[in-house]
Amino acid sequence: MLRAFSTAATGMGAQQMIVDTIANNLANINTVGYKRTQVDFRDLMYIKLQEAGREEATGVIAPSGFEIGTGVSPASTLKVYTQGEMENTTRSLDLAIEGDGFFQVTTPNGTRYTRDGALRTNAQGQLVTSTGYTLEPSITIPSDARAISIGKDGTVTVFAGSSNTGSNVGTISLVRFANASGLSNEGGNLVSETPASGSPITGTAGQDGMGAIQQGFLERSNVQMVSELVNLITAQRAYEINSRAIKAGDEMLTTTNRLIS
Amino acid sequence: MSDINAVVASKMEALTEQYRTITRNLAHASTSGYKRQVTDFANALAAAQTAGESSSGSAMVQGSTSTDFTQGQLVHTGRNLDLGLDGKGFFVVDTPQGELYTRAGVFNLSPQGTLVDYAGRPVAGEQGPITLPRNISTSRLTVAMDGTVSAEGRKLGKLKIVQFAKSSQLEEAGECSYKASPNAEKVDSSGNRVRQEYQEASNVVPIQEMVQLIQVSRLYEASAKSITTQDERSRALLRVATS
């Protein structure tokens, strides 16, 4: 009986985790480059009470056994990497990646990756993210630039002073991963490489599977509000039902206790 | 007298096991690809008598669990590596201990680009594992209804789908996967359809489980009542005998 309580409790824990994930998805519905999380569950180990195929009596083989599972546990939280909505901001340093790929940034903790292309320039004129991390490799915009044009392949062309010819100041490089879902989430719109994601694959934006860079756009989150709300309602009901099961078990235990009164 | 109590006690034990199965099913209301367990009770006395060995007065209750392989609902998630099976077949996962069969089609890519399950084990294609070339984006991977996996027009392989003649030959291996003996009878699996961007939801129907739960609670109560009634009778008998 008590084992059943802990099984039901893992069920409630699982629904709680779903609710936590949904809450995070909804909180980040307007975050640039945010990818929604999906939780995946598995059942826990089994306890074999009676083996299938045992002999019930001479010559009588039981066709099935008696195995009780011990509950559910989260197997993984997956980031779903579908394209978010592209919002046209017309700001020349807003970049969105259309397709696979990440911007590479240098942080005090090492190289990180992000889909958040809301860039600006720092005091030295380098292109940085909204939190101040420089792009890797670094690109510097001259202080007298009046227009910046960034191509789909990442080439940065600057029009300075009164000149009508642009000069190439560098190329924004993108990287991608064999298993983007395996990247570790660091917060601040940053992800980092792990053994599960594989090492970064370099390439030119817009070619060989790498996404293209769209200037003047920002990629919004890929959170679908309606599905999240439907999942929230389902999780709430499942939580309630699991708690009812615990209550019923409690009543059965009470009945047993009352046998000796 | 004590025999009756023993029988009732075994019934209460069996009801407790059934309760455990119900709570387990309810805990898995949201587990993709989960198949609910059903507890059946058999009269062990009948089995023993048929075999020619009858034990007097022992009507002990025993239970056995079986899995209900009813199709779960296919829910759209939009994730391109979520695969839902429409039909009675199973996806095949290769492990060092042999093939595992599962309905939970929430797959990933390994760092080398091979299609794997959540534990990193390769999903079997008809000609071996299925790998996405490095220069093709993950979002371009498509899975047709017959299980053919392609990307940008290139065929990468076909998912191996296995269907068994008798689902009772499958043994639970944990983690929503099943094992079968190598000579378990297989049937034609071409009727199965693979739906990309869908997950097969758990086939647990909470209402069914709740109704069973009510029955279990009431039967449990009734059994307890019969033990107390027995107890009162014994006391009455003792009073008469010793007065």
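Heavy atoms only: backbone and side chains are in, while hydrogens, waters and symmetry mates are out. These figures come from a predicted structure and were not determined experimentally. Each chain gets a letter, A, B and so on, in the order the sequences are listed, and its residues count up from 1.
- Contact annotation for Thr77(B): both backbone and side-chain heavy atoms come within less than 4.5 Å of a heavy atom of chain A.
- Per-residue counts of heavy-atom pairs under 4.5 Å with chain B were compared for Ala238(A), Ser197(A), Gly99(A); the largest is that of Ser197(A).
- With a 4.5 angstrom heavy-atom cutoff, Gln224(A) does not touch chain B via any of its atoms.
- Results of the side chain to side chain contact (heavy atoms under 4.5 Å, CB included) test with Phe103(A) over Leu190(A), Ile213(A), Asp116(A), Val175(A) single out Ile213(A) as the only residue that passes.
- Note: Gln15(A) leads Arg244(A), Arg237(A), Gln15(A), Glu251(A) in heavy-atom pairs under 4.5 Å with chain B.
- Partner Thr7(A) forms a side chain to side chain contact (heavy atoms under 4.5 Å, CB included) with one of Thr23(B), Asn25(B), Thr21(B), Leu26(B) and no other, that one being Thr23(B).
- At a threshold of 4.0 Å, the pair Arg36(B)-Glu209(B) counts as salt-bridged, since one of the basic side-chain nitrogens sits closer than that to a carboxylate oxygen.
- A salt bridge links Lys35(A) with Glu219(A): the distance from a Lys NZ or Arg NE/NH1/NH2 to an Asp or Glu carboxylate oxygen falls below 4.0 Å.
- For chain A, the nearby part of Ile136(B) is the backbone; its heavy atoms alone come within less than 4.5 Å.
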Quiz item: What's the verdict on side chain to side chain contact (heavy atoms under 4.5 Å, CB included) for Lys225(B) and Tyr220(B), showing C-alpha distance, side-chain angles and the deciding distance?
Solution: CA-CA 9 Å; Lys225(B) 198 109 180 106; Tyr220(B) 194 88; over 6 Å; no

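- If you tally non-hydrogen atom pairs under 4.5 Å between each of Leu78(A), Thr82(A), Ile18(A), Thr234(A) and chain B, the highest count goes to Leu78(A).
- No hydrogens or angles considered: a donor-acceptor pair under 3.5 Å links the side chains of Tyr118(B) and Glu175(B).
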Practice problem: Determine, step by step, whether Ile130(B) and Val123(B) satisfy the side chain to side chain contact (heavy atoms under 4.5 Å, CB included) criterion, reporting the C-alpha distance in whole Å, the side-chain angles of both residues, the deciding distance to 0.1 Å, and the verdict. | Solution: CA-CA 7 Å; Ile130(B) 297 170; Val123(B) 177; 5.9 Å; no

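- Of the listed residues Ala224(B), Ser177(B), Gly113(B), the one with more heavy-atom pairs under 4.5 angstrom with chain A than any other is Ala224(B).
- Proximity to chain A is absent for every atom of Glu152(B), based on heavy atoms less than 4.5 angstrom apart.
- For Ser110(B), the part sitting under 4.5 Å from any heavy atom of chain A is the backbone (N, CA, C, O) and nothing else.
- For a residue to count as touching a neighbouring chain, one of its non-hydrogen atoms must lie under 4.5 Å from one of that chain's; by this rule Ile241(A) touches chain B with backbone and side chain alike.
- For Arg140(B), no part lies under 4.5 angstrom from a heavy atom of chain A.
- The distance from the CG atom of Leu74(B) to the CG atom of Leu85(B) is 8.5 Å, given to the nearest 0.5 Å.
- Heavy atoms closer than 4.5 Å to chain A are found nowhere in Asn80(B), neither backbone nor side chain.
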